[in-house]
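Each chain gets a letter, A, B and so on, in the order its sequence line appears, and its residues count up from 1.
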Number of protein chains: 2
Amino acid sequence: MARLANCIAMMDEGIDRVSRIIPQMPSGEARLCRLMLMLGDHIEEELEFKLKPHKLNHSEFLTLMILYSRPDGSSTPGELCEYTSQGATNMTRIANALVKRGLITRGVSEEDRRRVLIRIAPAGRRFVQKMLPPMFPRVATMFAGFSDADKRHLDRLLRKLAGNLGQLGESRLP
Amino acid sequence: MARLANCIAMMDEGIDRVSRIIPQMPSGEARLCRLMLMLGDHIEEELEFKLKPHKLNHSEFLTLMILYSRPDGSSTPGELCEYTSQGATNMTRIANALVKRGLITRGVSEEDRRRVLIRIAPAGRRFVQKMLPPMFPRVATMFAGFSDADKRHLDRLLRKLAGNLGQLGESRLP
DNA sequence: GACTCATATTTCACCAGTGAAGTAAAAACT
DNA sequence: AGTTTTTACTTCACTGGTGAAATATGAGTC
């Protein structure tokens, strides 16, 4: 019996009961919101399970993947912070960890000596090429039974949600 | 200019480039996976923003909401762990924090003296009723522009994904 | 050209969450 | 009845992540 299914059933009942007490609650939206949160956590768990044997955590993996995906294999801490949604503090730690393992190199920029240049090392590329393929089956299985139309729809709806979240996020910071 | 939109654009390009190097990657699925993770994080941030003024974090809020949504307003640490996907260790801390604020009470069960009974306090109920409604607009705005059909489809697709994740999760633990 | 001001990163001190070991009560076995 | 096993929770030591201040360079101004 699936723990996750159980959790969801419980959430559904909970929201029903709360919305009976507080009827102005947007219960459909709240439900979707909770679903997104639960599934996000669960997917992260699923991936971390495949990362643990390599002693990488999610943010280190993501940082390494961004570098790997770059045409020139390099970036700066600031940029990596933006794309990983990590704080600068944590990026320092991540870079330290990856440098220590020889997966990336770190040096100062010549044009702007405040900047630090981070570059994926050959060992880093080899590492990614070795550890990535075993993750594919798990990722594929998550969407088992999804038709192409299902995947397109989900993609569309998630990007629409992203648009709204982008606006919300801007409205509270600048 | 939306940071989130920027992140997504960057992710799209990154996945394209990686899948050119490693063509057996399920790139559509990987994209959906990354989208789910990004949006999950972003929604969590959005909610925490509304929780911070009350000095609650997400897991404390969720714990309190579960208790609030229960017909009898009570549960046990073990059950709360299951439904919040928190470890027992952290639930001890959460309960300590909520007890200290007078939002819940904690006592030993009479039938089974190993168990601890956690119950929402009247102050806890009042607290929820006061702090919940201001969150509604943000939740509703996330799904602005979603037709009823959109919401139904998203709900269906997320639950389908949940089903797959549930199976994956079981396959690796028991 | 000295003097703010802004930008990029690091250091420090702290909060949140986890795994492993500890404690205590109940259930199962013999 | 007495021992072992299991269950429920807590404590402790640690990792991951954050906000505020420190450092160091570059940019703009008078």
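Residues Arg115(B) and Asp112(A) both approach DNA chain D. Their nearest nucleotides, taken by heavy-atom distance, put Arg115(B) toward the 5′ side. In terms of position along DNA chain D, the nucleotide closest to Asn57(A) lies nearer the 5' end than the nucleotide closest to the other residue of the pair Glu110(A) and Asn57(A).
Residue Gln86(A) has a polar side-chain atom (N or O) positioned under 4.0 Å from OP1 or OP2 of dT18(D). At least one side-chain nitrogen or oxygen of Ser59(A) sits closer than 4.0 Å to the OP1 or OP2 atom of dG17(D).
We find that Arg34(A) and Asp12(A) are not joined by a salt bridge, their nearest charged nitrogen and carboxylate oxygen being 4.0 Å or further apart.
Side chain of Asp150(B) to main chain of Ser147(B): a donor-acceptor pair is present (N/O by atom type, distance under 3.5 Å, no hydrogens or angles).
Distance, Glu48(B) CD to dG19(D) P: 10 Å, rounded to whole Å. Atom-to-atom, CD of Glu60(A) to P of dT15(D) comes out at 12 Å; the value is rounded to the nearest Å. Between the CD atom of Glu111(A) and the P atom of dA24(D) there is a distance of 21 Å, rounded to whole Å.
Judged by distance alone, with hydrogens and angles left aside, Arg114(A) brings a side-chain donor or acceptor within reach of the base of dT7(C), the pair sitting under 3.5 Å. Judged by distance alone, with hydrogens and angles left aside, Thr89(A) brings a side-chain donor or acceptor within reach of the base of dG19(D), the pair sitting under 3.5 Å.
Figure legend: Arg101(A) and Phe127(A) shown as a cation-pi pair, the cationic atom lying under 6.0 angstrom from the six-membered ring centre and within 45 degrees of its axis.
With dT25(D), dA16(C), dT11(D) as the choices, the nucleotide that has an atom nearest any side-chain atom of Arg113(A) turns out to be dT25(D). With dC9(D), dG17(C), dT11(C) as the candidates, the nucleotide lying closest to the side chain of Arg93(B) is dG17(C).
Two residues are said to be in side-chain contact when any heavy atoms from C-beta on lie closer than 4.5 Å; Glu79(B) and Met10(A) fail this criterion.
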